[in-house]
Amino acid sequence: MKKFNYLFLLFAAITLGFTSCEDDPEPDNGVTISGIPATASIEAGGTLGPVTATATAPDGLAQLVITKDGANFATVPLTGTTASQEFSYTAEEADAGNSVVFEFTVTDVDGDQATATHVLNVGVDQTEFRIESNITEDQTWETGNTYILGGRIAVEAGATLTIEEGVVVKGEVGTGANATALIIARGATLNANGTANAPIIFTSIADEIQPGEIVSPNLDPDLSGLWGGLLILGNAPGSFGGDVSELQIEGIPPSDANGLYGGDVADDNSGTISYISIRHGGANIGEGNEINGLTLGGVGSGTTIENVEVIANQDDGIEWFGGTVNVTNAVVWNSGDDALDTDQAWAGTMDNFILICGGETDHAMEIDGPEGSFNAAHTLTNGSVKGNDVSELGDFRDGARGTFSNIYFFGFANPADTEGRGDLSISGDVSLANFQGGVLNFANLEITLAEGTSLTDVFKSGTDAEASAVAAGANTVGADKAPFAGWSWADVAGELADF
């Protein structure tokens, strides 16, 4: 009797269940929503849409509610029996690497609803880009990103490369014809404008530095030759052998026509450069033929260059080949050859500079004369120069011309102890050392002498008449280090404490 009752009750429950399903079917209210894809994928910072959602309701539409990850995103009133609504969404920083779920719910005037779900997959923001070919049209390298030079990259004539503040540019390893470098060809433009809070850094691929950092986390500031450097070339005049109008810049193979510089446009404009730090460069492309940290070939006075740092370059820190460009505020630290080198009748001004001679620095300044019949002169003024045991203050070569004033020297060795190093020498025709309006002019030179050294030991060919000895730190001329505060590696590393 008990077994029968159990089976009866079970049969009754099943019967009632089927009867309920048949008597009360799910109402068909006619509310629909269409046009919403189930999934989509975009890159970080990308935009979905516009997507058009179409809603229908025979009883009349009331509203469309959109939620993002369960939270209300938008509410849109609807009218009529059919309505369309466009929807777009630009991924936010927090969306990167995540799936964002949107629900679209349509409600009619009776409260009936229909829902569609969309899953938006947002990629991780790409922050590293490899540059493999020359730049032939305008291009911008954006803040927060790192750009890898995959070879010798030229910005060709007619194109403008804009590098935003805080960008890091890294050159891959290469020597000879494969040395990596960034060339701004004649007729091209570079607008590389960092800030005191976010300088632009040019360095090696071996450097683990990231945007927002000043100091390399893994490379020492005397490690050089890991990539090439930055070369800016223009149409301004220079004094070239044979009085030719153009030459191929050193460090770039003759087969590359983007390496030509020179012309007759004194006010040529190659762009604006400010708050940049160039590091670990100077790759060798041949015997005795290295790339400078910053090479300026035939660059015109229409170009703006200010607040520049060059660190650990295997050849020169900054070298000018003709041209008329002015440079303001430069610091060179640990150059392998010369800190500053001038050639081919450069006719601009270097104002406010700090030179820190590392263990391999040959000359703090190497000043070369014209190579053709065109004669012009440049000016170096307001500089402070820290020497070492082997470097010379300056080597003024046959035919050198220019004005050199308000420069303070310290930290150099006694020339008597270093086989003639530690001095300021003028080679060739010493009659060029005419300090009263001649082709070589010196004024207001100060030095803290090594023990046992006299002014005439250091300043040769009569240049001692324009120099005076001062105690360490008692100089009245020299550079203002304030423009380098905070953004330069030299300042952050404490290398400017003596200046």
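Residues take their numbers from the sequence shown, with the count starting at 1. Just so you know, these numbers come straight off a predicted model, no measurement behind them. We use all heavy atoms of the structure for the numbers below, so side chains are in, but hydrogens, waters and symmetry mates are not.
- Between the side chains of Asn193 and Thr272, a donor-acceptor pair is found at a separation under 3.5 Å.
- Scanning both residues, Ile291 and Asn313, for their nearest heavy atoms gives O-ND2, 3.0 Å.
- The side chain to side chain donor-acceptor pair (under 3.5 Å) test with Asn382 is passed by exactly one of Asp480, Asp351, Asn352: Asp351.
- Looking at residues two or more places apart in sequence or on another chain, you find no side chain to side chain donor-acceptor pair (under 3.5 Å) involving Asp341.
- A donor-acceptor pair is defined here as one N or O able to donate and one able to accept, closer than 3.5 Å; no such pair exists between the side chain of Asp423 and the backbone of Val458.
- Closest of all the heavy-atom pairs between Asn235 and Asp268 is N-OD2, 2.7 Å.
- A 4.5 Å side-chain heavy-atom check between Asp316 and Ser335 finds every atom pair outside the cut-off.
- Across every non-hydrogen atom of Ala312 and Pro221, the tightest pair is CB-O, 3.2 Å.
- A ring pair (Phe, Tyr, Trp, His ring centres under 6.0 Å) check over residues 203-260, counting only residues at least two apart or in different chains, returns the pairs Phe240-Tyr261.
- Considering only heavy atoms from C-beta on, Ile447 comes within 4.5 Å of Phe459 through its side chain.
- For Phe499, the ring-ring contact (aromatic ring centres under 6.0 Å, His included) criterion is met by Phe410, not counting sequence neighbours.
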Cut-off 3.5 Å, no hydrogens considered: what does the side-chain donor-acceptor table look like for residues 154-166, sequence neighbours left out?
unit_1, atom_1, unit_2, atom_2, d
Glu156, OE2, Asn134, ND2, 2.9
Glu164, OE1, Thr143, N, 2.9
Glu164, OE1, Thr143, OG1, 3.4

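- Sorted by first and then second residue, the side-chain hydrogen bond (donor to acceptor under 3.5 Å, both in side chains) pairs with a member in residues 236-246 read Arg186-Glu246, Asp243-Ser373; sequence neighbours excluded.
- Phe396 has its ring centre less than 6.0 Å from the ring centre of Phe442.
- Using a 4.5 Å heavy-atom threshold, the side chains of Leu496 and Ile354 count as touching.
- In the model, Thr456 has a side-chain atom that pairs as donor or acceptor with a side-chain atom of Ser454 under 3.5 Å.
- Listed by chain and residue number, nothing satisfies the salt bridge (Lys or Arg N to Asp or Glu O under 4.0 Å) test with Asp457 (two or more places apart in sequence, or in another chain).
- Residues Asn375 and Pro370 approach most closely at OD1-CG, 3.2 Å, considering heavy atoms.
- Residue pairs meeting the side-chain hydrogen bond (donor to acceptor under 3.5 Å, both in side chains) criterion with at least one partner in residues 487-499, sequence neighbours excluded, are Lys386-Asp498.
- Evaluation of the ring pair (Phe, Tyr, Trp, His ring centres under 6.0 Å) test over residues 122-155, restricted to residues two or more places apart or in two chains, returns Phe129-Tyr147, Trp141-Tyr147.
- Between Thr303 and Ile273, some side-chain heavy-atom pair lies under the 4.5 Å cut-off.
- Not a single side chain to side chain donor-acceptor pair (under 3.5 Å) links Thr304 to another residue, sequence neighbours left out.
- Taking the side chain to side chain donor-acceptor pair (under 3.5 Å) definition, one finds that Thr90 meets it with Thr47, sequence neighbours left out.
- A donor-acceptor contact closer than 3.5 angstrom links the side chains of Thr448 and Tyr408.
- Around CG of Asn218, the count of heavy atoms belonging to other residues, nucleotides or ligands within 6.0 Å exceeds 12.
- Within the structure, ring pair (Phe, Tyr, Trp, His ring centres under 6.0 Å) pairs that include any residue of residues 376-395 comprise Trp346-His378, His378-Phe404 (at least two apart or interchain).
- Glu309 and Ser277 share a donor-acceptor pair across their side chains, judged by distance under 3.5 Å alone.
- Under a cut-off of 6.0 angstrom, the local environment of CG in Asn326 is crowded, with over 12 non-hydrogen atoms contributed by other residues, nucleotides or ligands.
- Side-chain contact between Ser224 and His280 is absent, with no heavy-atom pair separated by less than 4.5 Å.
- In plain terms, the two heavy atoms of Ala91 and Ile42 that are nearest each other are CB-CD1, 3.8 Å.
- Between Thr342 and Glu366, the side chains place no donor N or O within less than 3.5 Å of an acceptor N or O (distance only, hydrogens not considered).
- At a threshold of 4.5 Å between non-hydrogen side-chain atoms, the residues Leu424 and Glu392 do not count as touching.
- Contact check for Gln314 versus Glu360: no side-chain heavy atoms found under the 4.5 Å cut-off.
- A side-chain contact (heavy atoms from CB on, under 4.5 Å) with Met365 holds for exactly one of Asp395, Leu355, Leu393; it is Leu355.
- Between the side chains of Thr361 and Ser391, not a single donor N or O lies within less than 3.5 Å of an accepting N or O.
- Within a 6.0 Å radius of CD in Gln126, other residues, nucleotides and ligands contribute more than 12 heavy atoms.
- Listed here is the closest heavy atom pair of Ala376 and Ala347: CB-CB, 3.8 Å.
- Contacts of Thr203 classified as side chain to side chain donor-acceptor pair (under 3.5 Å), with partners at least two apart in sequence or in another chain: Asp207.
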